[in-house]
Amino acid sequence: MSIVLRVERLVRHFPLRGPAAWAARWRGAPPPAVRAVDGVSFAIAEGETLGLVGESGCGKSTVARCVLRLLDPTSGRIEFEGEDLAALRGDALRRRRERLQMVFQDPTASLNPRLSVRDMVEEPLRLHTRLAPRERQARVAEVLEEVGLGRELMDRYPHELSGGQRQRANIARAIATRPRLVVLDEPTSALDVSLRSRVILLLERLRERHALSYLFISHDLATVKYLAQRVAVMYLGSVVEEAPTTELFARPLHPYTRALIAAVPVPDPEARRERLVLSGEIPSPIAPRRGCPLRGRCPLEREACAAEPPLREVAPGHRVACHLV
Amino acid sequence: MEAAADIAEAAPPARGARFWRRLRRNRLSFAALWVLAAIALAALLAPWVAPFDPNLPDPEAPLAPPGWRHLLGTDLYGRDQLSRIIHAGRVNLLIAGGATLGALVLGAVLGAVAGYRGGWLDQVVMRATDSIMAFPAFVLAMGITAAIGNSLLNVAIAIGVTQVPSYVRLVRGEMLRVREMEYAEAARTVGNPDRRIVLVHLLPNCIPPLIVQATLAMGYAILTLAALSYLGLGIRPPQSEWGQMTAEGASEIVTGAWWLFLFPGLAIVVTVLAFNLLGDALRDLLDPRMRGL
Amino acid sequence: MTAPLLEIEDLAVRFDTEDGPVEAVDGLGLRLAPGEILGLVGESGSGKSVTAYAVLGLVRPPGRVLRGSIRFEGRDLLALPEAELRRVRGAGIGMVWQSPRTALNPVLTVGHQIARLLRHHRGLPPRAARERAVEMLRLVGIPEPERRARQYAHQLSGGMCQRVMIAMALATQPRLLLADEPTTGLDVLVAARIMELLKDLGRRTGAAILLITHDLGTVAESCDRVAVMHAGQLVETAPVRTLFRDPVHPYTRALVAAIPRVDREVALEPIPGAVPSLLHAPPGCRYAARCALATGRCRQERPALLPIAPDHQVACFAAEPVA
C-alpha cells in the first residue's frame with residue numbers, strides 16, 4: 001500500500017511574549033514557549049484511517065492544522081504525495097489543497113452563513129478545476145447526493161439546515177474535489193447521539209468508495225475504535241503509543257493509554273473492567289520536560305522514568321514510549 | 001434512503017419572514033420606517049408632490065400663516081413653505097445619503113484591509129483614524145468646508161470624512177472577530193486566495209452592524225448638514241436646505257412668523273428621530289449581541 | 001418503599017414561540033428516593049433539561065408550567081411563593097450546570113462564591129464560611145484548596161471548574177442534586193473522576209442525584225435507575241441493569257444500538273428520523289414516525305406509561321403490561 005502522508009519529527013512551538021520571555025532572555029536561557037507539538041511522526045497509507053487521540057491540550061488539533069498548513073510548523077517534514085508541504089508556500093501550497101481537505105469540529109461555525117449549500121460546495125471546484133459551469137453543477141449535485149443531502153436543500157443557507165445536515169454539507173465541501181486525504185477534526189463531537197452514528201457511517205462509506213485516507217482527530221475513543229484502522233495516542237505534544245486499532249484496545253501497553261481506555265464509560269452496568277487511575281492533571285506544556293511526560297502522574301513510575309523513553313516497536317506495528325514495557 | 005432520513009430532521013424556518021414579523025411588532029420603529037419612506041418618496045417626486053413651485057412668489061400672500069391655501073404658510077416673498085420643505089428635502093437626503101454611502105465604502109475597505117492584514121498597514125490606518133477622531137466631528141466638518149468651499153459635493157465630502165473613522169473601527173473590529181471563525185479557516189483550507197477570503201467570506205459577515213451604523217449615521221449627517229447651513233457654512237441660497245431655512249425663519253421670528261422657524265426645524269427633528277429609531281430597531285434585530293447598549 | 005424525596009406528577013411545560021406553542025415536557029412523572037441516582041436520558045430536544053428547570057422553578061417566559069405537581073419532601077414546589085422557593089432552591093436542591101466556567105462568577109474568587117452561599121443559606125459567620133469553603137474544595141478533590149480558593153474561574157481548568165461547581169452545589173448540604181450533563185465537554189479522564197466524585201459524595205452525604213445526560217455509558221456506570229425521555233415524554237423507566245439487559249421500548253433499544261462502544265464490536269444502527277417537531281406534535285405515540293414496529297393504533301392513540309414488571313414501566317402498545 002502506498003503512503004499518502006508521512007509526518008516526520010513535526011514540532012510546533014508557540015513562543016511566549018511578555019515578562020517571562022524578557023526574563024529568560026536576560027538570563028540567557030532558551031526563550032519560553034508552549035510546546036504544543038514536540039516531535040510527532042506518523043504515516044497514513046492510501047485508504048487508511050489513522051485515529052489521533054488524546055485529551056484537550058495534547059496537541060492533536062495543532063498537528064491537524066500543521067498538516068493543512070493553517071499553522072506553520074516550527075520544524076519537521078510533512079510529506080504529502082511525495083512532496084514536503086512544510087517547504088511550500090503561496091500559490092504552490094494553495095494548489096495542493098485540491099488533494100488535501102478538512103472537516104471541522106463545529107458544523108455551524110465552519111459554514112459561512114452567507115453562502116448557500118450550492119455555492120459552498122461549488123467553491124473548491126471553481127478554485128481548483130476547469131470544469132464548465134454545467135459540469136460543476138452536475139458534480140455538486142452528485143456530491144450532495146453522496147453525502148445524503150437532498151436536491152431541495154441545495155439552495156438553503158446554513159441557518160436553514162439542521163445540525164446533521166450542516167455537517168453533511170461540510171463533508172460534501174471537503175470531498176468535492178476528490179481529495180486523497182481528509183483531516184477530520186472531531187467531526188462528530190458536536191453532534192447528538194443519533195446524528196453521530198449516521199455521520200460515522202457516512203464517513204466510513206465515503207472512505208471505502210473513494211479509497212480516501214483519513215487523519216481522524218478525536219477524544220472519543222469509541223468512535224475512533226469504530227472508524228480507525230490504526231490509532232496514535234498523544235500526550236503533552238508527543239505520541240506515546242501507536243498500534244493497529246484492535247491491538248491497541250485489546251492490549252494497551254502505555255499506562256496513559258490504559259488509563260484512557262479504562263475511563264471510557266461503557267453502556268453495560270455489569271461490565272467489570274480494569275481501572276488504572278492517574279493522579280493530578282495535565283502539566284503545563286510550557287515547562288521544559290525531563291524524562292517521561294507522564295512522570296508524577298503514573299502509578300507505575302520507577303527510577304528509570306527519569307530518562308525520556310524512546311518510541312520503540314514492541315510488536316509488528318505497535319510502538320510504545322515507556323520504559324516498563 | 002439516507003437523504004430521506006435526514007430531511008426528517010427539523011430545519012428552522014426562513015429568516016426573512018421572521019425578520020419582517022419582528023420589525024412589525026416594534027410599532028414605533030415600524031412607524032419610523034413608514035415616515036422615512038414617505039419623506040424619501042416626497043423628495044424623489046418633489047415636482048409632482050409639491051402643491052406649488054417652491055420659487056414662485058404668491059404676491060397676494062406674503063408671510064401668510066398656515067391655512068387652507070398654504071398649509072404651512074408662506075415666507076416673506078410669498079413662497080409656499082410646504083413646497084420649499086419638500087424640495088429642500090432632496091438636498092438634505094442627497095447630501096446625507098451620499099456622504100454616508102461614501103464614508104461607508106471607504107471605511108469598510110480600509111477597515112477590512114487593516115483588520116485582515118494587521119501589521120504596519122493596520123498601524124498606519126488606525127493612527128490616521130485616531131488623528132481624525134482627535135477633532136470634534138463638527139469642528140472638523142466646518143474646517144473642511146471653510147477650506148475647500150461649500151459646493152454640494154464639498155459639503156458631502158466634509159460630512160463624509162468625519163464619518164469614515166467610525167466605519168473603519170467597526171469593520172476592523174468585526175474582521176478581527178470573523179477572521180478567527182472556523183469558516184475563515186475553512187475558506188483557507190478549501191484553497192481560496194486572500195482577496196477572495198476577505199471579499200466573499202469575511203466582509204459580507206460584517207454587514208449587519210454596518211447597516212445599523214449607517215442608519216444612525218444618516219440621522220447624524222442630516223443634523224450636521226443642517227447645523228453647517230444654519231451657520232452659513234453649508235448650503236447657500238438660492239439652493240435651500242432645512243437647516244438654512246430654519247436659520248432664515250429664526251430671523252423672521254421677531255415679526256411673529258413662527259411657522260417659518262418651526263416647520264423646517266420639525267422636518268429635521270422628525271427625520272433624524274426616524275433614522276435613530278429605525279437604527280436602534282435594526283440593531284436589535286440584526287445584532288442581538290448589542291442589545292441593550 | 002421509602003417515601004420519595006422528589007415526586008413529579010403529570011408535569012407539562014409549554015413554550016410559546018413565535019411559530020406557536022411547543023410542549024417541551026408533556027405528562028412527565030418521576031419519583032426519586034433519598035440517596036438514589038436517577039439517570040434521565042434522551043436526545044437533545046427530548047425535554048431533559050427543561051424538566052430540571054421546572055424542578056428548580058426556573059422556567060421563564062416564553063415558557064410556563066402548564067400543569068402537574070413537583071413534590072419535594074412532600075411540598076409542592078409549583079405552589080410555593082417565590083421567596084419560599086428560593087430557600088428550597090438554595091438549601092434543599094443543588095444544581096450542577098453543563099458549562100461550569102460560564103456558571104461561575106468571573107469577578108469573584110471561587111472561595112468567596114462558596115463562602116457567600118454558606119453565609120446566605122446556612123447563616124455561617126464570614127470567617128467560618130471561608131474555612132468551610134476551603135474544606136468543601138478539599139472534599140471535591142481539589143489539590144491545594146487554600147490557594148485555589150483565592151483564584152478566579154479563568155485560572156482553573158475545565159475539570160477544576162466543574163469540581164468547584166459541585167462544591168458549590170453541595171455546600172449547603174442539599175438532599176437533591178440536579179446534574180445537567182456534568183461531564184459533557186470534559187476529557188474522558190477528567191469526566192471519569194467527576195462521576196466518581198459525584199457518586200462518592202452522593203453516598204457520603206446521602207443526597208439523591210438526578211443525572212441528566214445523553215451518554216448511556218455514564219448512566220450505566222453511575223445510576224441506580226434510568227428514565228428515558230423522547231420528545232417531551234417518558235417512554236421507559238427501569239432499574240439500570242434491567243434497562244440495559246432487557247430494554248423494552250423500541251426507542252430505548254435504538255438508543256443503545258446507535259452508539260459506538262469500546263468494550264465490544266457492534267454494528268452501528270442509527271435511530272431513524274429525528275425527534276419530531278413539537279410544534280405540531282402527532283396525536284399518537286411521538287416515536288411512531290421513527291418506529292419500525294408502529295401500527296395504525298400507534299399513530300392514533302397515545303400509549304400510557306404502564307408497569308410491565310415491578311419498577312419497570314414502558315409506554316408502548318407492543319409491550320405486555322402486567323394485569
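Chain naming here is simple, since letters A, B, ... match the order of the sequence lines and numbering starts at 1 in each.
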Check each atom of [X] against the heavy atoms of chain A and say whether the ones under 4.5 Å are side chain, backbone, both or neither.
X: C:Met160; answer: both
X: C:Val219; answer: neither
X: C:Glu265; answer: both
X: C:Val188; answer: both
X: C:Leu216; answer: both
X: C:Arg193; answer: side chain

Of the non-hydrogen atoms in [X] and [Y], which two are nearest, and what is the gap between them?
X: A:Leu221; Y: C:Val262; answer: C-CG1, 3.9 Å
X: A:Pro267; Y: C:Phe244; answer: O-CD2, 3.4 Å
X: A:Tyr226; Y: C:Val266; answer: CE1-O, 3.5 Å
X: A:Ser194; Y: C:Pro270; answer: O-CB, 4.2 Å
X: A:Ala222; Y: C:Pro260; answer: CB-O, 3.3 Å

* Asked: side chain to side chain contact (heavy atoms under 4.5 Å, CB included) with A:Pro265: which of C:Thr183, C:Thr213, C:Thr218?
  -> C:Thr218
* Asked: Given the options A:Ala259, A:Ala263, A:Ser189, A:Ser197, which has more heavy-atom pairs under 4.5 Å with chain C than any of the others?
  -> A:Ser197
Just how far is it from atom [atom1] of [X] to atom [atom2] of [Y], taken to the nearest 0.5 Å?
X: C:Arg261; Y: A:Thr223; atom1: CZ; atom2: OG1; answer: 13.0 Å
X: C:Leu189; Y: A:Tyr256; atom1: CG; atom2: OH; answer: 5.5 Å
X: A:Asp192; Y: C:Ser46; atom1: CG; atom2: OG; answer: 8.0 Å
X: A:Ser56; Y: C:Asp187; atom1: OG; atom2: CG; answer: 3.5 Å

* To do: Without swapping roles, check the side chain of C:Asp263 against the backbone of A:Val266 for a donor-acceptor pair under 3.5 Å.
  => no
* To do: Spell out, as yes or no, whether a donor-acceptor pair under 3.5 Å connects the side chain of A:Arg198 to the backbone of C:Ile271.
  => yes
* Does C:Glu146 CD have over 12 foreign heavy atoms under 6.0 Å away? -> yes
* To do: Take atom OH of C:Tyr53 as the centre, draw a 6.0 Å sphere, and report whether it contains more than 12 heavy atoms from other residues, nucleotides or ligands.
  => no
* Top of C:Arg241, C:His214, C:Glu196, C:Met195 for chain A proximity - count of heavy-atom pairs under 4.5 angstrom -> C:Arg241
* Asked: Hey, does C:Val190 have a side-chain heavy atom less than 4.5 Å from the side chain of A:Glu55?
  -> yes
* Heavy-atom distance under 4.5 Å between the side chains of C:Arg264 and A:Asp268, does that happen here? -> yes
* Under 4.5 Å heavy-atom distance to chain C, tell me which part of A:Leu227 shows up: side chain, backbone, both or neither. => neither
* To do: Counting only heavy atoms closer than 4.5 Å, note whether A:Ala271 contacts chain C via side chain, backbone, both or neither.
  => neither
